[in-house]
*Asks:* 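First the structure, which I've put down as structure tokens, then a few questions once you've had a look.
For clarity, every value in this text was computed on a predicted model and none was experimentally measured. Reminder, nothing fancy here: chain letters follow the sequence lines and each chain counts from 1.
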Amino acid sequence: MPSNYPGFQYDADRETFSAAKVKALESLLIEKGVITGNTVDTVLGYFETEMGPFNGAKLVARAWVDPDFKARLIADCNAACDELDFPAGMSGAEGEHMRIVENTPAVHNVIVCTLCSCYPWPTLGLPPYWFKDPTFRARVVREPRVVLAEFGVELDESVEVRVWDSSAQIRWWVLPMRPAGTEGMSEEALAALLTPEAMMGVATVQV
Amino acid sequence: MKLQHNLGGLEGLDPINTEVQVFVEPWEQRIFGIHTAMMALSNQLGSSPPQYAIEEVPTTFESFWTWGHLRMGAENMHPFEYFRLRYYEKWLGGISGFFVSEGYITQEELDTRTAEFLASSELAAAPLPQGGEPAIDEQVVKYLREGDSPMRALSAPPKFALGDQVKIKEVNSGEHSRLPGNLKGKIATVIKVYDNAFAYFFPTTDGIGEPMPVYSLAFQAETLWEATTTEPNMIYYNDIFEAYIEAA
């Protein structure tokens, strides 16, 4: 018996159609007073300038140069955010309850949300596509070393891999290891080395 | 239980797509912004801890819309459609369907305007309507800054303690669940009892909703997957609501 399922078929103008449909939706919502002509741009601007991976990078750089701050960040991420000069909102949407886990020579952490795409917005902004992809979500929990190798991260057998899945309200991220050769660098220069991938555990920090 | 409730450990999939962009097409930004605005204008925020004056916001949006509603839509899709469609394609279908079903717009209006944009590249490139009540956007930013914490006071002490062995209940996932399906019936160790209790946006048929304790649980890989298909020296942690847990 052949399957009744017609298969994964896409229209030739898949993206053109979605672009037209979302513009139709947004324009109707503006006309009907649901949102304004600036609402969507306001949301997007917030994540470009106020909440994004540049915030997480500052926190990690501070933790690298200040062991006491690192201890406080690991103990209570939200409280530690208040110590730095960030815009209001570090405990706002999708960051109400954040936790950070530290990578060491003995432990490597990686974050996943198998049910959807939970991500710490104030410290890392919005999730990249790899994090939202069902293939990553399905595979990393069972074979994290194989998955990490596909991202270019090769771990020694002695390293314990910890996979953290976000099924409740805690939003997780990773404090990566400070790379060798960065002694004496300023916090600003250290922050510039960080990527969202390093702060979710699928990359190491490169100089 | 749907396949999308049970992704963890699925075999036979492709190599990882390591795409680092948040949006791979410009249109995806627009549906993300619409969804975020809906959450920021949702009617339950009047009883959220930040005490939003949501009834005074001059929007015509009067609905209850949260992550829970967006997720429930994705979980109710045909499982193969879930995999066929890209992330924000699922959002576009679910959100536009919601606005039609709630009567904010009609399907005919949406289809007609979509067809107009498809027929005319000039119209498709024209600016969006401008104007609207600035207080709407002020509420959207206020929501982004203040959030919607589900943390509440405990009404009863947690049933389990640090170090306890626990078993995940065999609940029916229903139309929306926060329990990864592959954990059902499995044994784990409590490594943290979170302070306070956590509500969920609305009651689900599988038992969450009212404030309850949440636990960080550690699962040994060999209790979840056949040993030859998993890896040594790894631990899988998950944050699990108390409703999903029983004594081992």
*Asks:* Given heavy-atom pairs under 4.5 angstrom as the criterion, report whether the side chain, backbone, both or neither of Gln9(A) touches chain B.
*Replies:* backbone

*Asks:* So how far is it from Leu25(A) CG to Leu92(B) CG, rounded to the nearest 0.5 Å?
*Replies:* 7.0 Å

*Asks:* Can you see which heavy atom on Glu19(B) is nearest to which on Pro128(A), and at what distance?
*Replies:* O-CB, 4.2 Å

*Asks:* State whether the number of non-hydrogen atoms from other residues, nucleotides or ligands found under 6.0 Å of Glu108(B) atom CD is greater than 12.
*Replies:* no

*Asks:* Is there a donor in the side chain of Thr39(A) and an acceptor in the side chain of Asp137(B), or the other way round, less than 3.5 Å apart?
*Replies:* yes

*Asks:* Looking at every heavy atom in both Tyr82(B) and Pro134(A), which two are closest together, and how far apart are they?
*Replies:* CE2-CG, 4.3 Å

*Asks:* Please report the shortest heavy-atom distance between Arg145(B) and Pro87(A), naming the atom on each side.
*Replies:* NH1-CB, 4.2 Å

*Asks:* For residues Glu109(B) and Glu31(A), determine if any side-chain heavy atom of one lies less than 4.5 Å from a side-chain heavy atom of the other.
*Replies:* no

*Asks:* May I ask you to test the Phe117(B)-Ser27(A) pair for a side-chain heavy-atom distance under 4.5 Å?
*Replies:* yes

*Asks:* Please tell me if the side chains of Asp239(B) and Trp172(A) come closer than 4.5 Å, counting only heavy atoms from C-beta onward.
*Replies:* yes

*Asks:* Only pairs of heavy atoms separated by less than 4.5 Å count here; which of Thr59(B), Ile31(B), Asn238(B), Leu85(B) has the most with chain A?
*Replies:* Asn238(B)

*Asks:* Tell me, side chain or backbone of Asp133(A) under 4.5 Å from chain B's heavy atoms, or both, or neither?
*Replies:* side chain

*Asks:* Please look at Glu15(A) and chain B and tell me whether the side chain, the backbone, both or neither of the residue comes under 4.5 angstrom of a heavy atom of that chain.
*Replies:* both

*Asks:* Under a 4.5 Å heavy-atom cut-off, does chain B meet the side chain of Thr195(A), its backbone, both or neither?
*Replies:* neither

*Asks:* Side chain to side chain contact (heavy atoms under 4.5 Å, CB included) for Arg145(A) and Asn233(B)? Distances and angles first, verdict last.
*Replies:* CA-CA 10 Å; Arg145(A) 285 170 201 275; Asn233(B) 206 11; 3.5 Å; yes

*Asks:* By a 4.5 Å heavy-atom criterion (distance strictly below it), what part of Thr112(B) contacts chain A: side chain, backbone, both, or neither?
*Replies:* neither

*Asks:* State the CG-OG1 distance between Leu13(B) and Thr135(A), to the nearest 0.5 angstrom.
*Replies:* 5.0 Å

*Asks:* Pick one of side chain, backbone, both or neither for Glu81(B), based on which atoms fall under 4.5 Å of a heavy atom in chain A.
*Replies:* both

*Asks:* Is it true that atom CG of Asp195(B) has more than 12 heavy atoms of other residues, nucleotides or ligands lying nearer than 6.0 Å?
*Replies:* no

*Asks:* In Å and rounded to the nearest 0.5 Å, what is the CG to CG distance from Leu128(B) to Asp41(A)?
*Replies:* 8.0 Å

*Asks:* Please identify, among Pro58(B), Ser96(B), Ala115(B), Pro232(B), the residue contributing the most non-hydrogen atom pairs under 4.5 Å to chain A.
*Replies:* Ser96(B)

*Asks:* With under 30° as parallel and over 60° as perpendicular, where do the rings of Phe32(B) and Phe47(A) fit, or are they tilted in between?
*Replies:* perpendicular

*Asks:* Could you check Leu144(B) against Trp121(A) for side chain to side chain contact (heavy atoms under 4.5 Å, CB included), going step by step and ending with a plain yes or no?
*Replies:* CA-CA 9 Å; Leu144(B) 288 170; Trp121(A) 284 6; 4.1 Å; yes

*Asks:* Look up atom CD in Glu25(B) and atom OG in Ser18(A), then write down how far apart they are to the nearest 0.5 Å.
*Replies:* 8.5 Å

*Asks:* So which of Phe61(B), Tyr200(B), Phe83(B), Trp67(B) has the largest heavy-atom pair count under 4.5 angstrom toward chain A?
*Replies:* Trp67(B)

*Asks:* Can you tell which part of Lys2(B) gets under 4.5 Å to a heavy atom of chain A, answering side chain, backbone, both or neither?
*Replies:* neither

*Asks:* So for Val146(A), is it side chain, backbone, both, or neither that comes closer than 4.5 Å to the heavy atoms of chain B?
*Replies:* both

*Asks:* Where on Glu89(B) is there a heavy atom nearer than 4.5 Å to chain A: the side chain, the backbone, both, or neither?
*Replies:* side chain

*Asks:* When rounded to the nearest 0.5 angstrom, what distance separates CG in Leu10(B) from CZ in Arg142(A)?
*Replies:* 8.0 Å

*Asks:* List the atom of Thr36(A), the atom of Ile136(B), and the distance in Å for their closest heavy-atom pair.
*Replies:* CG2-CB, 3.8 Å

*Asks:* Would you kindly say whether Tyr129(A) and Asn17(B) are connected by a side-chain donor-acceptor distance under 3.5 Å?
*Replies:* no

*Asks:* Name the option with the most non-hydrogen atom pairs under 4.5 Å to chain A; the candidates are Gly33(B), Ser149(B), Ser216(B), Gly132(B).
*Replies:* Ser149(B)

*Asks:* Could you go through Phe198(B) and His97(A), starting from their C-alpha distance and side-chain angles, then the distance that decides it, and tell me whether this counts as side chain to side chain contact (heavy atoms under 4.5 Å, CB included)?
*Replies:* CA-CA 11 Å; Phe198(B) 289 84; His97(A) 307 287; 4.0 Å; yes

*Asks:* Within the 4.5 Å heavy-atom criterion, are Leu115(A) and Arg178(B) side-chain neighbours or not?
*Replies:* yes

*Asks:* Please flag which part of Leu123(B) lies under 4.5 Å from any non-hydrogen atom of chain A: side chain, backbone, both or neither.
*Replies:* backbone

*Asks:* Are any non-hydrogen side-chain atoms of Phe99(B) and Leu28(A) less than 4.5 angstrom apart?
*Replies:* no

*Asks:* Measure distances from Glu197(A) to the heavy atoms of chain B and classify the residue's part below 4.5 Å as side chain, backbone, both or neither.
*Replies:* side chain

*Asks:* Measure across Ala125(B) and Lys23(A) and return the closest heavy-atom pair with its distance rounded to 0.1 Å.
*Replies:* C-NZ, 3.8 Å

*Asks:* Less than 4.5 Å apart, side chain to side chain, heavy atoms only: is that true for Pro144(A) and Tyr236(B)?
*Replies:* no

*Asks:* Could you give me the CA-CA distance, side-chain angles and deciding distance for Lys132(A) and Tyr88(B), then say whether side chain to side chain contact (heavy atoms under 4.5 Å, CB included) is met?
*Replies:* CA-CA 10 Å; Lys132(A) 300 177 287 205; Tyr88(B) 289 113; 3.3 Å; yes

*Asks:* Between CD of Glu48(A) and CD of Gln29(B), what distance do you get to the nearest 0.5 Å?
*Replies:* 7.0 Å

*Asks:* Are more than 12 heavy atoms from other residues, nucleotides or ligands located less than 6.0 Å from atom CD of Gln21(B)?
*Replies:* yes

*Asks:* Looking only at heavy atoms, what is the nearest atom pair of Phe17(A) and Leu118(B), with distance?
*Replies:* CD1-CD1, 3.7 Å

*Asks:* Relative to chain A, which of Leu7(B), Ile16(B), Leu179(B), Ile208(B) shows the most heavy atom pairs under 4.5 Å?
*Replies:* Ile16(B)

*Asks:* Heavy-atom cut-off 4.5 Å, strictly under: side chain, backbone, both or neither for Tyr46(A) against chain B?
*Replies:* side chain

*Asks:* Are there more than 12 heavy atoms of other residues, nucleotides or ligands under 6.0 Å from atom NZ of Lys90(B)?
*Replies:* yes

*Asks:* Using heavy-atom distances under 4.5 Å, tell me whether Glu94(A) contacts chain B through its side chain, its backbone, both, or neither.
*Replies:* side chain

*Asks:* Can you establish whether the number of heavy atoms outside Gln130(B) located under 6.0 Å from its atom CD is more than 12?
*Replies:* yes

*Asks:* Using a 4.5 Å cut-off on heavy atoms from C-beta on, say whether the side chain of Thr18(B) contacts that of Glu150(A).
*Replies:* no

*Asks:* When you compare the side chain of Leu44(A) with that of Arg30(B), does any pair of heavy atoms fall below 4.5 Å?
*Replies:* yes

*Asks:* Who wins among Arg86(B), Met38(B), Gln4(B) for the most heavy-atom pairs under 4.5 Å with chain A?
*Replies:* Arg86(B)

